[in-house]
Amino acid sequence: MDRRTFLAALGALAVGAWRRPAPRLPFQPELNLAGRYPFSLPDLPYPYEALEPAIDAATMKVHHQGHHAGYVNNLNRALEALPEWQSESLEGLLTKLDKLPAAQRTAIRNNGGGHWNHTFFWPLLAPKPQEPSPALQKRISDTFGSWTAFRGQLLDAGMRVFGSGWVWIVKTPNDQLQITTTPNQDNPLMPYAEVQGTPVLGIDVWEHAYYLKYQNRRAEYLAAVWQILNWQKVEQLLG
Ligand code: MN3
């Protein structure tokens, strides 16, 4: 090896050692909703009664102050034991769940998912009914056949969730829109999700989201939620 080849090889080695590859993720979520540890309960973007009659004030209050607050507290408790993970964003934690210590993984999956999902959900509901813009209607119709077909597919998917879970519209890493569902507090950011990607719409279909007003009538709840979806927010998330 002559001196020039040797120096080039040495240089390559040094560059290789210096540029440590970043951990590989399935995708980079284009959202940073919830900040970092210690996480806190965000205010609702409207008063508890603002979504009546579709969703009653009593349901909104217990859902926010009871359920959502519980996820935040339990998430913080799980992270107390993991100082090396406390600087991660919530999206970072959820996309890397499989890298977390097994002892805290389930708590962070359930409660981190719960905090993220509800923080995402609240602004997707609008106190004043909204018409989707022509551009959004076209984008949705191009993917799902028509606006009416899309409504049918979304609400059917919500009805088919067995037990507790969520129905989503996801923008996949290759920019396709897809309807998908997750059990419990899982979401499409997680490595366990059937369809991974950036959510642009999510609807809570846990009984706690509707039982006080609708009891077991999930179809009525979903039809009411459809009336108050914040299409401007969806369009903004679609980018
Ligand atoms: Mn909920």
Side-chain angles (χ1 to χ4, degrees), residues 29-35 41-65 67-68 71 90-91 113-144 146-159 161 165-172 175 177-182 185 187-189 197-206 208-210 213-214 218-239:
E30 300 145 40
L31 299 163
N32 183 357
L33 293 183
L41 181 67
D43 289 335
L44 291 186
Y46 37 70
Y48 288 121
E49 67 277 11
L51 304 177
E52 298 221 17
I55 307 180
D56 57 295
T59 296
M60 288 305 293
K61 194 169 177 183
V62 71
H63 202 171
H64 180 246
Q65 292 183 4
H67 296 278
H68 190 172
Y71 300 127
L90 189 49
E91 288 80 5
H115 179 32
W116 196 92
N117 295 349
H118 289 85
T119 303
F120 183 70
F121 181 50
W122 306 130
L124 284 164
L125 303 174
K128 287 199 182 106
Q130 288 190 7
E131 277 296 308
S133 75
L136 180 63
Q137 292 201 44
K138 182 179 184 323
R139 179 138 184 210
I140 293 280
S141 300
D142 287 350
T143 305
F144 299 98
S146 69
W147 186 258
T148 311
F150 162 68
R151 180 189 184 277
Q153 290 171 46
L154 183 73
L155 272 48
D156 280 355
M159 286 305 292
V161 174
W166 291 75
V167 57
W168 306 94
I169 304 169
V170 167
K171 190 167 69 168
T172 63
D175 225 25
L177 292 183
Q178 223 174 310
I179 294 171
T180 189
T181 64
T182 54
Q185 295 296 355
N187 69 37
L189 305 178
T198 304
V200 298
L201 176 67
I203 302 174
D204 191 341
V205 295
W206 281 57
H208 70 218
Y210 60 86
K213 181 176 167 95
Y214 297 99
R218 188 190 286 178
E220 283 181 33
Y221 159 74
L222 282 170
V225 166
W226 173 265
Q227 299 293 332
I228 57 167
L229 287 174
N230 187 342
W231 296 114
Q232 266 174 32
K233 186 74 193 170
V234 173
E235 200 161 9
Q236 181 198 323
L237 289 164
L238 262 172

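Taken to the nearest 0.5 Å, the CD atom of Gln153 stands 8.0 Å off from the OG atom of Ser146. For the atom pair CG (Leu125) and CD1 (Ile55), the distance works out to 5.0 Å, reported to the nearest 0.5 Å. Here Trp147 contributes atom CH2 and Ile140 contributes atom CD1; the two are 5.5 Å apart, rounded to the nearest 0.5 Å. One finds the OG atom of Ser133 at 9.0 Å from the CD atom of Gln232 (value rounded to the nearest 0.5 Å). Considering CD1 of Ile228 and CG of Leu51, their distance stands at 4.5 Å, rounded to 0.5 Å. Here the CG-CD1 distance, from Leu155 to Ile203, works out to 6.5 Å after rounding to the nearest 0.5 Å.
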Next item on the list: Verify side chain to side chain contact (heavy atoms under 4.5 Å, CB included) between Leu136 and Leu238, making sure each step is shown before the conclusion.
Entry: CA-CA 9 Å; Leu136 180 63; Leu238 262 172; 3.4 Å; yes
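In this structure the side chain of Glu131 never reaches within 4.5 angstrom of the side chain of Trp231, judged on heavy atoms. The side-chain heavy atoms of Leu33 and Leu90, taken from C-beta on, include no pair separated by under 4.5 Å. You'll find the side chain of Leu154 reaches within 4.5 Å of the side chain of Trp226, heavy atoms only. In this structure the side chain of Phe150 reaches within 4.5 angstrom of the side chain of Ile169, judged on heavy atoms. Between Val167 and Met159, the closest side-chain pair of non-hydrogen atoms is not below 4.5 Å. Contact check for Gln185 versus Trp206: side-chain heavy atoms found under the 4.5 Å cut-off.
Closest approach of Thr59 and Ala209 over heavy atoms only: CG2-O, 3.3 Å. Residues Val170 and Gly197 share a closest heavy-atom pair of CG1-CA, 3.5 Å. Taking each heavy atom of Arg139 and Gly239 in turn, the nearest pair found is NH1-O, 4.0 Å. In plain terms, the two heavy atoms of Ala224 and Ala54 that are nearest each other are O-CB, 3.8 Å. Between Leu177 and Thr143, the shortest heavy-atom contact is O-CG2, 3.5 Å. Shortest non-hydrogen contact noted between His208 and Asp204 is NE2-OD2, 3.4 Å.
Side-chain N/O atoms of Trp168 and Gln178 include no donor and acceptor closer than 3.5 Å. Between the side chains of Trp122 and His68, a donor-acceptor pair is found at a separation under 3.5 Å. At a cut-off of 3.5 Å, with distance as the only test, a side-chain donor of Trp116 or Glu91 sits close to an acceptor on the other residue.
For Thr180, there are no side-chain hydrogen bond (donor to acceptor under 3.5 Å, both in side chains) partners, not counting sequence neighbours. In this structure Asn187 satisfies the side-chain hydrogen bond (donor to acceptor under 3.5 Å, both in side chains) test together with Asn117, sequence neighbours excluded. In terms of the side-chain hydrogen bond (donor to acceptor under 3.5 Å, both in side chains) criterion, residue partners of Gln130 (sequence neighbours excluded) are, by chain and number, Asn230.
Under the 3.5 Å distance criterion, the side-chain polar atoms of Gln227 are left unmatched by any main-chain donor or acceptor of Pro129. Of the possible donor and acceptor atoms, one in the side chain of Lys213 sits under 3.5 Å from a partner among the backbone N and O of Pro53.
Of the residues His63, His115, His118, the one that meets the ring pair (Phe, Tyr, Trp, His ring centres under 6.0 Å) test with Tyr71 is His118. Screening Leu189, Leu237, Leu201 for a side-chain contact (heavy atoms from CB on, under 4.5 Å) with Phe120, the sole residue that qualifies is Leu237.
For Glu235, the CD atom is densely surrounded, since the number of other residues' heavy atoms within 6.0 Å is greater than 12.
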